[in-house]
Amino acid sequence: MKEIRVRFAPSPTGYLHVGGLRTALYNFLFARKNNGKFILRIEDTDRNRFVEGAVENLINSLKWCGLNYDEGPDVGGNFGPYMQSQRIELYKKYAEELINKGHAYYCFCKPERLQALREEQEKQKLPQVKYDKHCLNLSKEEIQRNLNDNKPFVIRLNVIPNQKIIFNDIIRGTVEFDSNNIDDQILIKSDGYPTYHMANVVDDHFMEISHVIRGEEWLSSTPKHILLYEFFNWEKPKFAHLPLLLNPDRSKLSKRQGDVAVEDYRAKGYLQQALVNFVALLGWNAGDDQEFYYMNELIEKFSLERVNKAGAVFDLQKLNWLNAEHLRKLDDKILLSMLKDFILTTPYSNLNYSDDKLLKIIESMKERVTFIHEFVNNCKYFYEPPKEYEQKSVEKNWKEDTHIHLIKFKVEIERIENPTKEDFEITFNKIVGELNIGKGKLIHPLRLAVTGQSTGPGIFDILAILGKDEVVKRIEKAIQDLNQSK
RNA sequence: GGCCCUAUCGUCUAAUGGUUAGGACAUCGCCCUUUCACGGCGGUAAUAUGGGUUCGAAUCCCGUUAGGGUCACCA
């Protein structure tokens with residue numbers, strides 16, 4: 001059997017769109033699953049849209065997601081170059097071949113004529129605006145004269161009318177188009193660069209791409225590509241058009257309604273494992289109930305046949321859930337290094353906490369966070385004394401005699417050298433026993449005093465992590481602040 | 001508007017002619033826990049619509065409706 005070769009072929013717009021990520025991922029999974037090759041090709045044939053650093057950025061995002069390619073602009077390969085801007089001569093050569101065969105022709109029409117034509121056709125309420133094949137009738141001599149005069153030209157595909165163009169899509173089945181609805185597409189622009197259609201077909205052929213897996217927005221231009229393959233007499237790849245990713249209002253996923261760039265999600269603290277896992281499930285499932293996947297499991301189970309046809313809404317809540325799931329499965333040592341990296345970006349960067357202390361924070365918070373940054377932002381009391389006290393909890397838990405209970409607890413704690421979690425708990429039980437009060441009467445004020453909050457890990461974990469001196473200080477401060485304000 | 005694609009809980013989806021239409025996220029309730037979370041148990045919630053075909057339709061066919069894509073010297 002022929003080797004499976006697939007490609008991700010983005011145009012460098014400046015960032016990797018999550019829809020692009022999903023396309024890249026399915027290509028990658030399909031290649032890995034079938035022991036094929038995954039290729040990155042950059043479609044940079046629009047000189048007007050050149051963005052500085054866009055390719056580097058794209059590659060960064062791809063690699064961050066673990067989508068390593070076998071061939072590409074920065075890794076090389078036997079089918080390069082992998083930047084279309086470096087393959088211009090190839091496209092020209094094959095466009096000329098098409099002209100010689102009568103399947104394409106020079107067009108010297110000025111933009112003004114095209115504009116007028118378009119307006120005229122719209123005025124006539126024609127179902128579709130199409131080029132009128134005006135330049136197809138130019139004589140050989142005329143064409144040669146125009147070329148000699150250096151008149152600007154484009155090369156157009158010569159579509160034959162009244163033909164059915166039928167192809168099979170792996171995801172959608174048989175799709176049929178009428179050639180009457182297909183315009184004489186420009187293949188080579190007046191600046192000598194190819195359009196998408198030309199470059200794409202030529203490259204897919206010479207890069208020996210076996211399966212074209214791309215977004216549904218390409219479905220309606222596929223007949224043009226089919227025509228090209230047929231005119232060249234080249235073997236066609238198999239096609240698979242993926243359903244689109246949608247906004248919550250079911251329009252095509254767009255910047256206006258949230259983040260679309262992979263780097264945005266990275267910056268917000270999403271794990272690459274979670275993003276990949278989530279995006280994989282938008283439009284595909286293995287047919288079982290598994291939803292939590294690592295990359296290797298996705299590779300094992302992926303198949304194009306199980307890709308859905310309908311568009312999928314990008315639902316942040318489910319992504320958040322998956323992020324929390326993946327975070328919890330991460331080894332504490334890895335979480336530690338991620339947390340340290342994050343702390344560097346906060347005002348607490350000079351605290352120099354020991355790994356041991358941070359590990360304890362991680363352990364106590366792990367079940368309570370969705371993002372790494374929450375190991376800091378949801379429990380700032382581990383890093384600094386509370387600046388304020390949650391009002392609702394103060395009202396509910398800070399009573400007339402609360403400070404008396406807390407002082408008794410504090411005094412008792414002060415006597416112990418290096419109290420452990422158990423010491424705190426034993427002392428606590430002793431005090432509530434002596435005072436003959438319910439545990440809640442002390443536990444909630446204590447939490448409020450040392451954290452300023454009403455939620456968080458077990459109180460004795462917090463006390464142990466904070467340590468005796470800090471606990472004592474915070475109790476004193478809380479009594480001062482809260483009794484005063486009452 | 002022409003052409004093309006699509007249609008199961010709010011969302012992601014399972015069920016490829018016979019199921020009380022299943023799971024997950026979200027949501028609600030209970031349990032666990034004197035906090036919050038995690039976890040466990042349970043609830044609300046879907047086959048867009050009208051016709052066929054069939055003993056039997058979410059599933060096959062046709063129409064309607066709705067949504068999306070595409071109609072550039074952008075990809």
Side-chain angles (χ1 to χ4, degrees), chain A residues 9-13 43-49 84 107 109 111 114 118 122 125-131 152-156 169 171-173 175-178 180-183 185-197 199-200 214-223 241 243-244 246 248-252 278 281-292 306 308-322 324-325 328 364-370 378-379 393 396-397 438-444 446-448 451 453-459 462:
Chain A
S11 71
T13 54
E43 311 227 326
D44 56 342
T45 56
D46 186 359
R47 299 192 304 176
N48 301 321
R49 292 214 295 185
Q84 289 186 328
C107 172
C109 290
L114 264 18
R118 190 170 301 132
E122 275 165 10
K125 291 224 161 62
L126 255 43
Q128 198 185 17
V129 175
K130 271 169 69 182
Y131 181 63
F153 66 87
V154 301
I155 298 175
R156 285 183 185 274
D169 187 279
I171 294 166
R172 280 151 221 287
V175 185
E176 186 179 316
F177 288 86
D178 191 320
N180 292 337
N181 295 317
I182 300 169
D183 198 7
Q185 184 64 48
I186 290 177
L187 302 176
I188 303 287
K189 300 180 258 185
S190 58
D191 64 3
Y193 277 65
T195 56
Y196 171 87
H197 310 284
N200 198 264
R214 71 216 321 184
E216 192 191 337
E217 66 265 34
W218 295 110
L219 191 58
S220 39
S221 39
T222 303
H241 287 94
L244 261 17
L246 312 174
D249 70 358
R250 304 204 77 85
S251 58
K252 189 176 169 183
F278 175 63
L281 259 19
L282 290 176
W284 171 86
N285 74 88
D288 54 26
D289 284 342
Q290 184 174 351
E291 305 227 55
F292 182 92
R306 288 203 62 90
N308 285 104
K309 297 189 225 290
V313 173
F314 193 91
D315 176 27
L316 265 187
Q317 286 183 317
K318 192 144 189 177
L319 173 58
N320 289 342
W321 169 73
L322 272 173
E325 289 286 301
R328 278 182 214 119
S364 71
M365 289 297 292
K366 207 173 178 179
E367 304 281 277
R368 286 160 240 268
V369 300
T370 299
N378 285 10
C379 50
S393 179
K396 193 177 165 200
N397 298 309
K439 287 185 180 183
K441 274 231 155 187
L442 187 53
I443 220 166
H444 298 303
L446 189 52
R447 176 184 295 281
L448 187 63
T451 71
Q453 299 181 191
S454 62
T455 64
I459 185 64
I462 295 176

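Note that the coordinates shown come from a computational prediction; the quantities given were computed from them, not determined experimentally.
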**Study point:** Full working for side-chain contact (heavy atoms from CB on, under 4.5 Å) between Lys396(A) and His444(A)
**Key:** CA-CA 9 Å; Lys396(A) 193 177 165 200; His444(A) 298 303; over 6 Å; no
For nucleotides [N] and [M], find the distance between their [atom1] atoms and express it as a whole number of Å.
| N | M | atom1 | result |
| --- | --- | --- | --- |
| rC38(B) | rC60(B) | C1' | 47 Å |
| rU35(B) | rC25(B) | P | 24 Å |
| rA26(B) | rA37(B) | P | 12 Å |
| rU47(B) | rG10(B) | C1' | 16 Å |
| rA14(B) | rU70(B) | P | 25 Å |
| rU44(B) | rC36(B) | P | 26 Å |
| rG22(B) | rA45(B) | P | 12 Å |
| rA7(B) | rU49(B) | P | 15 Å |

Both distances below 3.5 Å, Watson-Crick or wobble geometry, any strand: find the nucleotide opposite [N].
| N | value |
| --- | --- |
| rU53(B) | none |
| rA46(B) | none |
| rU34(B) | none |
| rA7(B) | rU65(B) |
| rU70(B) | rG2(B) |

Review point. Are any of Asn181(A)'s side-chain N or O atoms less than 4.0 Å away from OP1 or OP2 of rU70(B)?
Key: no
Practice item. Using a cut-off of strictly less than 4.0 Å, decide whether Lys125(A) has a side-chain nitrogen or oxygen near OP1 or OP2 of rG2(B). Key: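 Lys125(A) to rG2(B) OP1/OP2: no side-chain N or O under 4.0 Å.
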Revision key, fill the gap. With sequence neighbours left out, the residues meeting ring pair (Phe, Tyr, Trp, His ring centres under 6.0 Å) with Phe153(A) are Tyr106(A)
[X] [atom1] - [N] [atom2] separation (whole Å):
| X | N | atom1 | atom2 | value |
| --- | --- | --- | --- | --- |
| Asp288(A) | rA14(B) | CG | C1' | 10 Å |
| Glu217(A) | rC71(B) | CD | C1' | 14 Å |
| Tyr193(A) | rA72(B) | OH | C1' | 19 Å |
| Leu281(A) | rC12(B) | CG | P | 12 Å |
| Asp169(A) | rC4(B) | CG | C1' | 12 Å |
| Phe177(A) | rG2(B) | CZ | P | 16 Å |
| Trp284(A) | rA14(B) | CH2 | C1' | 13 Å |
| Gln185(A) | rA75(B) | CD | C1' | 11 Å |

Practice item. Determine, step by step, whether Asp169(A) and Leu219(A) satisfy the side-chain contact (heavy atoms from CB on, under 4.5 Å) criterion, reporting the C-alpha distance in whole Å, the side-chain angles of both residues, the deciding distance to 0.1 Å, and the verdict. Key: CA-CA 9 Å; Asp169(A) 187 279; Leu219(A) 191 58; 4.2 Å; yes
**Study point:** Along RNA chain B (nearest heavy atom to each residue), the more 5'-positioned of Val129(A) and Asp178(A)
**Key:** Asp178(A)
**Study point:** Earlier contact from the 5' end, RNA chain B, for Pro243(A) and Leu114(A)
**Key:**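 Nearest nucleotide further toward 5': that of Pro243(A).
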Is there any protein nitrogen or oxygen under 3.5 Å from a nitrogen or oxygen in nucleotides 5-7 of chain B, and what are the pairs?
{"unit_1": "rC5(B)", "atom_1": "O2'", "unit_2": "Arg172(A)", "atom_2": "NH1", "d": "2.6"}
{"unit_1": "rC5(B)", "atom_1": "O2'", "unit_2": "Glu216(A)", "atom_2": "OE2", "d": "3.1"}

How long is the gap from [atom1] on [X] to [atom2] on [Y], to the nearest 0.5 Å?
| X | Y | atom1 | atom2 | value |
| --- | --- | --- | --- | --- |
| Ile459(A) | Arg447(A) | CD1 | CZ | 5.0 Å |
| Ile182(A) | Ser220(A) | CD1 | OG | 10.0 Å |
| Trp321(A) | Phe278(A) | CH2 | CZ | 11.0 Å |
| Tyr131(A) | Arg118(A) | OH | CZ | 12.0 Å |
| Leu282(A) | Leu244(A) | CG | CG | 12.0 Å |
| Asn180(A) | Gln128(A) | CG | CD | 9.5 Å |

**Study point:** Contact state string [nucleotides 23-34 of chain B, B base, S sugar-phosphate only, - no protein heavy atom under 4.0 Å]
**Key:** BBSS-------B
Review point. Is there a donor N/O on one and an acceptor N/O on the other, under 3.5 Å, for the side chain of Ser190(A) and the base of rC73(B)?
Key: yes
**Study point:** Short side-chain donor-acceptor distance under 3.5 Å, Arg172(A) and His241(A)
**Key:** no
Is [X] touching bases, backbone alone, or none of the nucleic acid, heavy atoms closer than 4.0 Å?
| X | value |
| --- | --- |
| Pro457(A) | base |
| Thr455(A) | base |
| Val154(A) | base |
| Pro194(A) | sugar-phosphate |

Nearest to side-chain heavy atoms of [X], which nucleotide of [options]:
| X | options | result |
| --- | --- | --- |
| Thr45(A) | rA75(B), rG69(B), rA37(B) | rA75(B) |
| Ala312(A) | rU70(B), rC12(B), rG68(B) | rC12(B) |
| Arg250(A) | rU70(B), rA14(B), rG67(B) | rG67(B) |

Check your understanding: Which pairs pass side-chain hydrogen bond (donor to acceptor under 3.5 Å, both in side chains) with one or both residues in residues 281-290 of chain A, sequence neighbours excluded?
Key ->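 Of all non-adjacent pairs touching residues 281-290 of chain A, those that pass side-chain hydrogen bond (donor to acceptor under 3.5 Å, both in side chains) are Asn285(A)-Arg306(A), Asp288(A)-Lys301(A), Gln290(A)-Glu297(A), Gln290(A)-Lys301(A).
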Check your understanding: Any salt bridge between Arg328(A) and Glu325(A), counting N to O under 4.0 Å?
Key -> yes
Grab the N/O contacts between the protein and nucleotides 15-17 of chain B below 3.5 Å, and write none if there aren't any.
{"unit_1": "rA15(B)", "atom_1": "OP1", "unit_2": "Arg306(A)", "atom_2": "NH1", "d": "3.4"}
{"unit_1": "rA15(B)", "atom_1": "OP1", "unit_2": "Arg306(A)", "atom_2": "NH2", "d": "3.4"}

For residues 308-316 of chain A, dump all side-chain donor-acceptor pairs below 3.5 Å to protein atoms at least two apart in sequence or in another chain.
{"unit_1": "Lys309(A)", "atom_1": "NZ", "unit_2": "Ile171(A)", "atom_2": "O", "d": "3.4"}
{"unit_1": "Asp315(A)", "atom_1": "OD1", "unit_2": "Gln317(A)", "atom_2": "N", "d": "3.3"}

Review point. Passes side-chain contact (heavy atoms from CB on, under 4.5 Å), Val154(A) versus Arg156(A)? Steps please.
Key: CA-CA 6 Å; Val154(A) 301; Arg156(A) 285 183 185 274; 4.2 Å; yes
Review point. Ser221(A) versus His197(A): any side-chain heavy-atom pair under 4.5 Å?
Key: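 A side-chain contact under 4.5 Å exists here.
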